[in-house]
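Working notes, structure below.
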Amino acid sequence: MIKIYEYGKVSGDEIFSRCESISKVEATVSEIIGTVREKGDAALREYSKKFDKADLTELLVSEDEIDEAVSSVEPEFIRVLERAAQNIREFHSKQIRNSFIISEKNGIVCGQKIIPIENVGLYVPGGTAAYPSTVLMDSIPAKLAGCKNLVMVTPPSADGKINPAILAAAKIAGIDRIFKVGGAQAIAALAYGTESIPKVDKIVGPGNAYVAEAKKQVYGKVSIDMIAGPSEILVIADKKSNPANVAADLLSQAEHDRLASAVLITDSAELADKVSSEIERQLKTLPREEIARASIDNNGKIIVVDSISEAVKISNRIAPEHLELVMDNPFEYLGMVENAGSVFMGRYCPEALGDYLSGANHTLPTSGTARFSSPLSVDDFVKKTQYTYYSEEAFRGVYKDIALFAHKEGLDAHARSALIRFPED
């Protein structure tokens, strides 16, 4: 059963502690990466047979396979995918940045170019979990950024096929190539390249502990989006809130993972009790009850506070991945929110809306990293190059200052590179 705390009457550890995912897979992942670097496609086929029970001869998903999969998906879901994709494009198109140029005075020009990352790899979980929403969320911003080559890797089922919903989403998003490979071996293939899978410049997308560890190990060879921890939701709800709705929202994240955390902060002890009872009632009806119950029992919390303002302050310290403001006047408190991945406001805006349809990205900072990082965006798929031009006369006006600065840092060659241009002075 979820724990209920009265803020100020328990230790801070009880309020602010969070479940940390402890991974002991470093050695295994390191071995997998080394094997893929050495054996290429052969290693990928061996690991697919070992981990996915799939005996593959071809890693690339053919156009015929994609078309067959798309035709097998019900038209109504295709319609929903297209609606979601349109919303995601509309939201993320506002994030597109332009290059700029500054000419402060005659002879001086400075500027910045925005350049798309050319090659991007997208990891999409597969097997028992299929997330076509992740396909859309992680690929559409890359396409808007102008990335030329976007490849997707996802594990096959035992019959060597990819979930049709994932392939349908990939076609709608315009992904260039799709490969039947998952796990740490897929990350290694993207980072170093194999005979079939091209080496990329950046890898994005969620995965299990092995995928997360592999992304960590290849970082520096390639860029990555983030190291994602267990899913989190924090709901701030006032006394007028519907306990059944709040309980359902908390369970929407608890069902992800035994390590997921679901937290309610409320100014009503009565609501706290009712939500606790509702969680127990709804748990019994969930197909993923075992997972959700472990999450609620081990990591779930209800914190009773004196005011909604105090609740927001506590939330800022927790820095949740998902934050719901369940009240009639959420915009009154939005300005107080400093640390949160994505905020859902009002009584009719559950976190699930953001997972699928609103258009805001659902790839978000976890484990308190919302204190310093942001949701996946178009910015993640571009790089910035700056440039400077000084004419002879413009440089003459500053070269002695440069030399003075360089001498202060003990870098005589720096100073000389400025002074040498005007030896007559």
Side-chain angles (χ1 to χ4, degrees), residues 84-103 109-124 131 133-154 169-179 186-187 189-193 197-207 211-212 214-228 321 340-342 354 358-366 369-389:
Q86 178 57 35
N87 289 345
I88 294 166
R89 289 190 187 98
E90 183 175 355
F91 182 91
H92 290 78
S93 66
K94 305 298 182 183
Q95 299 172 343
I96 297 174
R97 296 193 185 200
N98 295 316
S99 301
F100 66 80
I101 185 170
I102 298 173
S103 182
V109 178
C110 290
Q112 178 176 274
K113 292 179 63 178
I114 304 295
I115 306 168
I117 296 174
E118 186 170 358
N119 305 296
V120 173
L122 167 61
Y123 186 91
V124 178
Y131 297 114
S133 58
T134 294
V135 178
L136 300 179
M137 292 287 181
D138 289 2
S139 60
I140 290 175
K143 284 291 184 179
L144 287 171
C147 300
K148 290 182 180 179
N149 303 308
L150 181 58
V151 300
M152 185 178 92
V153 292
T154 188
K171 188 173 182 67
I172 289 170
I175 290 172
D176 300 300
R177 283 177 287 177
I178 305 165
F179 295 93
I187 302 300
L190 291 172
Y192 294 98
I197 299 179
K199 177 186 179 301
V200 301
D201 303 307
K202 184 162 189 172
I203 301 171
V204 303
V211 170
K215 287 171 70 177
K216 184 187 298 184
Q217 290 191 24
V218 301
Y219 177 66
K221 180 68 177 178
V222 294
S223 179
I224 62 172
D225 51 350
M226 64 186 75
I227 304 294
E321 177 188 15
S342 192
S358 72
N361 210 283
H362 79 193
T363 301
L364 304 169
T366 62
T369 59
R371 293 177 293 109
F372 53 80
S373 56
S374 309
L376 192 76
S377 72
V378 171
D379 283 344
D380 287 287
F381 299 100
V382 299
K383 56 187 177 179
K384 306 171 186 71
T385 294
Q386 58 193 28
Y387 57 90
T388 304
Y389 168 82

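Here the structure is a predicted model, which is why all the values come from computation and not from measurement.
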Could you please spell out the steps behind the side-chain contact (heavy atoms from CB on, under 4.5 Å) verdict for F381 and L144? CA-CA 9 Å; F381 299 100; L144 287 171; over 6 Å; no
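- For K384, the side chain to side chain contact (heavy atoms under 4.5 Å, CB included) criterion is met by R97, Q112, I114, not counting sequence neighbours.
- Distance check, rounded to the nearest 0.5 Å: CE of M152 to CG of L190 gives 11.5 Å.
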Report the C-alpha separation of M226 and T366 in whole Å, then their side-chain angles, then the decisive distance to 0.1 Å, and conclude whether the side-chain contact (heavy atoms from CB on, under 4.5 Å) test is met. CA-CA 9 Å; M226 64 186 75; T366 62; 6.0 Å; no
Mind running side-chain contact (heavy atoms from CB on, under 4.5 Å) on Y123 and T134 for me, showing each step along the way? CA-CA 9 Å; Y123 186 91; T134 294; over 6 Å; no
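- In terms of heavy-atom proximity, A85 sits nearest to I172 at CB-CG2, 3.8 Å.
- With contacts defined as side-chain heavy-atom distances shorter than 4.5 Å, the pair I187/Q217 does not qualify.
- When all heavy atoms are compared, the tightest approach of P198 to V151 is CG-CG1, 4.0 Å.
- No side-chain donor from either of D176 and N149 sits under 3.5 Å from a side-chain acceptor of the other.
- Rounding to the nearest 0.5 Å places SG of C147 at 9.0 Å from CG of D201.
- For the pair D380 (side chain) and S377 (backbone), a donor-acceptor distance under 3.5 Å is present.
- Residue-environment remark: NZ (K199) exceeds the threshold of 12 foreign heavy atoms within 6.0 Å.
- Of all non-hydrogen atoms in G341 and A370, the two that sit nearest each other are N-CB, 3.8 Å.
- Taking CG of L376 as the reference point, atom CD of Q95 lies at 8.5 Å (rounded to 0.5 Å).
- The two residues N361 and P141 make their nearest non-hydrogen contact at ND2-CG, 3.8 Å.
- Pairs of residues two or more places apart, or lying in two chains, never qualify as salt bridge (Lys or Arg N to Asp or Glu O under 4.0 Å) while including a residue from residues 85-94.
- Sparse packing is recorded around OH of Y219, with 12 or fewer heavy atoms of other residues, nucleotides or ligands lying under 6.0 Å away.
- Nearest approach of V153 to A186, heavy atoms of both residues: CG2-CB, 3.9 Å.
- Note that CG of D138 and CG of L122 are 5.5 Å apart. Values are rounded to the nearest 0.5 Å.
- Heavy atoms only, all atoms of each residue included: S342 and L364 are closest at CB-CD1, 3.7 Å.
- The salt bridge (Lys or Arg N to Asp or Glu O under 4.0 Å) search around K216 returns E213, not counting sequence neighbours.
- With rounding to the nearest 0.5 angstrom, the NZ atom of K202 is 12.5 Å from the CG atom of L150.
- Between the CD1 atom of I175 and the OG atom of S139 there is a distance of 4.0 Å, given to the nearest 0.5 Å.
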